[in-house]
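Numbered from 1 within each chain, the chains take letters A, B, ... in sequence-line order. Not measured: the values here are computed from a predicted model.
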Protein chains: 2
Amino acid sequence: MFQTARSTKVFQDVVAQIEEAILSGRIPAGETLPSERELKAMFGVSRPTLREALRVLEEKGLIEIRLGTGGGPVVRRPDARRVAESLGLLIRSQRVALEHLAEFREGIEGRVAAQAALRRSASDVARLRELLAQARSCLEAGPGRREEFLEADKRIHLAIADATGNPIYQSVLASVHENIHRYYERFLSMAAPELRENYEDLEALVAAVAAGDAEAARRIAAGHVTRFNARMQARAASAGRTRRPRTGRPKARTRAALPARRLEEPRP
Amino acid sequence: MFQTARSTKVFQDVVAQIEEAILSGRIPAGETLPSERELKAMFGVSRPTLREALRVLEEKGLIEIRLGTGGGPVVRRPDARRVAESLGLLIRSQRVALEHLAEFREGIEGRVAAQAALRRSASDVARLRELLAQARSCLEAGPGRREEFLEADKRIHLAIADATGNPIYQSVLASVHENIHRYYERFLSMAAPELRENYEDLEALVAAVAAGDAEAARRIAAGHVTRFNARMQARAASAGRTRRPRTGRPKARTRAALPARRLEEPRP
DNA sequence: GACGCTAAATGGTCTGACCATTTATAGCCG
DNA sequence: CGGCTATAAATGGTCAGACCATTTAGCGTC
């Protein structure tokens, strides 16, 4: 029923103590922790052990390690990137198909647009218009800047999420877009008429958000995403079967032969 | 514009290579990687360096390290726990307020319920009814099992997310519930009438999902969550100001004095 | 055949040294 | 006197080899 209370691993104890000190606010963001040599003495552990602990804290986004004189472990405030990264890992580990991502996005973008319309500030609107202008110039520049257009499209969606003022929307939507663009790029449409239609959606969307018309923003965003997904899924279908998520967990316990070996030159 | 391509840190290179091997599927989940001593030879690095890399991979949820003979680094499939944890870190570091979490949940639960209604299988329905019965018995047992009732409530929501068949809904909703219960537990209502109302919502929700009535499911779920949030926020307000997220980033660069020092006995 | 013990494989930790990077500072030159 | 440069010091990054702790597989005994 219960696990052994005290962890047997020293580095976990170090992680826990430093994490607690950071999360409790005893060590504020921006503060530099003592150097590794000092910390090792404070905790009574060896340097490799301490470094494992620092690596874990770094991976959690709680500290950032700077080199050189005056460097050291600096306390950070965790941001949305960690959430996006772990969500991305989940998606990449082949448990999430394109349809899942698309469906999820459809569910969320409308809501985000509506909230953004209710809360947008003047600077949000200015930023959106600026991005829209960028997108337009990319579009009119022809095929050479189509990649850039898709990037601007993404930025507009993320700027709308920012306008909601809700960091959860920001990180979740960032994760979704990040993963759509990274792993399904080959299915994004580059045909001119479709890109133009896309652009017109965005223009209407920004207008609705700027006007504070939540219902219109919701409707336009939902329609935009639905069409976008339909096109992408059509291309995915014609390009062959989309990989389906696997189920179950293999129980094999053989040793894996790690294929690549790029770092094989030992130092003299 | 560009960063130096090759990372200067050896352990990052090791992380990247193993991560790529795992995510590309070359090493499937369940497989055990070579032992540390073998890996260190394969990559041409020292053991501490290799171990830092393994710690990072473990923290990412990509491997799990087992002790003893036949142990070693075992490839895992990342699950929602990492997402929930990083979201929790975001919340605990005071950048996410209760309102943000509540708002996000309101946006997603209706959609989840509707999708579940469209796709639920017989076994999903059976599981929901079972959980509902548990919740009811907890409710009728009186105050002593109210914690348990809230737990059952959570499980019902997660079971509905399971029924959608979309792993993104599952992990995102799991993360939200996890964090609501961990960090806002003191604001959850324990009053009998409210719990009963909660239960009745759930009963109606399960009925709608079972009947395949997506629109009803959506409406009931949305209302349920809205009421739940309103109650929780009322309690939070009366218990004092909800902590607001801070903005900006302190730039102070002094050395922090780490207060605690529990591991101070050096080994003999 | 069931049980317990032993040994081997594996991760966990320590020590101390040296290398690489960054920045502060002192000194030089204009 | 001011600005630039070279040097040194502080700090993280890496290495090497050793020993301890834990777990399991395999063997032997009952």
Rounded distance (Å) that lies between atom P of dG13(D) and atom CZ of Arg51(B): 17 Å
Separation of dT22(C) P from Lys9(B) NZ (nearest whole Å): 9 Å
Those residues that, when tested against Gln170(A), pass side chain to side chain donor-acceptor pair (under 3.5 Å) (two or more places apart): none
Qualifying residue for side-chain contact (heavy atoms from CB on, under 4.5 Å) with Ile168(A), from Leu90(B), Val96(B), Ile108(B): Val96(B)
Which nucleotide in dT13(C), dG12(D), dC15(D) has an atom nearest any side-chain atom of Phe11(A): dT13(C)
Interatomic distance, Ile63(B) CD1 vs dT10(C) P [rounded to whole Å]: 15 Å
With Ser46(A) via side chain to side chain donor-acceptor pair (under 3.5 Å) - residues at least two apart: Thr49(A)
Reference residue Arg47(B); test salt bridge (charged side-chain N to carboxylate O under 4.0 Å, His left out); the match among Glu38(B), Glu36(B), Glu52(B): Glu36(B)
d(CD, Glu38(A); P, dA10(D)) in whole Å: 11 Å
Protein-to-nucleotide contact annotation, 5' to 3' order, nucleotides 18-25 of chain D [B base; S sugar-phosphate only; - none; under 4.0 Å, heavy atom]: BB--BBB-
Whole-Å gap separating C1' (dG13(D)) and CD (Glu36(A)): 8 Å
Ile180(B) side, atom CD1; Leu101(B) side, atom CG - distance, nearest 0.5 Å: 4.5 Å
Sub-4.0 Å heavy-atom contacts from residues 53-61 of chain B onto DNA chain D, ordered by number: none
All side chain to side chain donor-acceptor pair (under 3.5 Å) counterparts of Glu151(B), not counting sequence neighbours: none
Presence of Thr49(A) side-chain N/O under 4.0 Å of dC14(C) phosphate oxygens OP1/OP2: yes
Salt-bridge present (Arg76(B), Glu59(B); N to O < 4.0 Å): no
Residues, nucleotides or ligands: over 12 heavy atoms within 6.0 Å of Arg146(A) CZ: yes
Results of ring-ring contact (aromatic ring centres under 6.0 Å, His included) for Phe104(B) - residues two or more places apart only: Tyr169(A)
Side chain of Ser46(B) - closest among dG12(D), dT14(D), dT10(C): dT14(D)
Leu39(B) CG - dA9(C) P separation (whole Å): 17 Å
Interatomic distance where CG belongs to Asp13(A) and P belongs to dT13(C) [whole Å]: 10 Å
Interatomic distance where CD belongs to Glu52(B) and P belongs to dG11(C) [whole Å]: 17 Å
